[in-house]
Amino acid sequence: EPLLAALRKHPEIREARLGQKQLKHVVKQRVFLLCIRLKGSWFGGVDREKERQIINALSFSNPLPGRSFVFAPRESFARFSRKLSRIPGTKVEL
């Protein structure tokens, strides 16, 4: 699968969750949400620059059939991450 291949290119990714957003007005258009979490360093921090680079690489390669939004569970996107984590079957096995 193209998504797994794209995710496995980045061994820093600890976890990925994938969901599909159902649009009300444009029913035929597929929009995917991909949340990635990176492995932290020994002191628990995550390299934000590396995180941004991986998000950009996954966004531009677009390994999903349709439009996609790739994000990390930070600041304003933490709410989306929590929602995805509550939905069964969203975890991508790396």
Side-chain angles (χ1 to χ4, degrees):
E1 179 170 312
L3 175 61
L4 287 176
L7 291 173
R8 288 181 179 149
K9 287 181 185 177
H10 306 283
E12 303 90 348
I13 296 176
R14 176 175 54 110
E15 179 183 39
R17 292 196 176 266
L18 177 67
Q20 184 176 349
K21 175 74 175 149
Q22 298 294 331
L23 299 177
K24 293 180 183 178
H25 301 292
V26 188
V27 180
K28 293 182 181 180
Q29 190 172 44
R30 299 173 78 183
V31 177
F32 294 93
L33 303 174
L34 178 63
C35 178
I36 61 165
R37 290 181 189 270
L38 298 187
K39 297 174 185 173
S41 62
W42 63 272
F43 58 86
V46 172
D47 183 357
R48 298 274 179 112
E49 180 63 25
K50 185 67 174 173
E51 186 177 71
R52 186 184 61 76
Q53 290 172 357
I54 292 173
I55 288 171
N56 286 341
L58 290 171
S59 295
F60 289 123
S61 68
N62 194 14
L64 298 166
R67 295 174 55 186
S68 62
F69 177 63
V70 183
F71 63 97
R74 305 254 175 259
E75 290 91 28
S76 61
F77 302 120
R79 185 173 62 109
F80 294 128
S81 175
R82 283 192 300 272
K83 282 187 175 185
L84 271 179
S85 66
R86 290 187 201 124
I87 300 172
T90 58
K91 187 171 184 180
V92 178
E93 298 298 327
L94 301 176

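Computed from a predicted model, the values in this text were never measured in an experiment.
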Please work out whether the ring planes of Phe77 and Phe71 are parallel, tilted or perpendicular, with thresholds of 30° and 60°.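 Rings of Phe77 and Phe71: tilted, 30 to 60°.
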Interatomic spacing from [atom1] in [X] to [atom2] in [Y] - rounded to 0.5 Å:
{"X": "Leu3", "Y": "Ser61", "atom1": "CG", "atom2": "OG", "result": "9.0 Å"}
{"X": "Leu33", "Y": "Arg17", "atom1": "CG", "atom2": "CZ", "result": "13.0 Å"}
{"X": "Lys91", "Y": "Cys35", "atom1": "NZ", "atom2": "SG", "result": "12.0 Å"}
{"X": "Glu51", "Y": "Asn56", "atom1": "CD", "atom2": "CG", "result": "11.0 Å"}
{"X": "Glu93", "Y": "Leu4", "atom1": "CD", "atom2": "CG", "result": "9.5 Å"}

Just jot down the salt bridge (Lys or Arg N to Asp or Glu O under 4.0 Å) partners of Glu49, sequence neighbours excluded, or say none.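 Here the qualifying residues are Arg52.
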Tell me every residue that passes salt bridge (Lys or Arg N to Asp or Glu O under 4.0 Å) with Lys21, counting only those two or more places apart in sequence or in another chain.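 For Lys21 there are no salt bridge (Lys or Arg N to Asp or Glu O under 4.0 Å) partners, ignoring immediate neighbours.
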Reference residue Ile54; test side chain to side chain contact (heavy atoms under 4.5 Å, CB included); the match among Val70, Asp47, Ile13: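 The single option meeting the side chain to side chain contact (heavy atoms under 4.5 Å, CB included) with Ile54 is Ile13.
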Check Lys50, Lys39, Arg37 against Glu12 for a side chain to side chain contact (heavy atoms under 4.5 Å, CB included) and give me the one that passes.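 Single pass found, and it is Lys50.
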For Leu7 against Ala16, the heavy-atom pair lying closest together: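 Minimum heavy-atom contact is CD1-CB, 3.9 Å.
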Donor-acceptor check, side chain of Thr90 to backbone of Gly19, threshold 3.5 angstrom: yes or no?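 Judged by distance alone, no pair lies under 3.5 Å.
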Kindly list each side-chain donor-acceptor pair under 3.5 angstrom involving residues 62-69, sequence neighbours excluded, with atom names and distances?
residue, atom, partner, partner atom, Å
Asn62, OD1, Ser68, OG, 3.0
Asn62, ND2, Gly66, O, 3.1

Quick check on the hydrophobic clustering: are Leu34 and Leu94 connected, directly or via other members, by side-chain heavy-atom contacts under 4.5 Å?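 Same cluster.
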Let me check something: do Leu84 and Val92 share a hydrophobic cluster, defined by ILVMFWY side-chain heavy atoms less than 4.5 Å apart, either directly or through other members?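 Different clusters.
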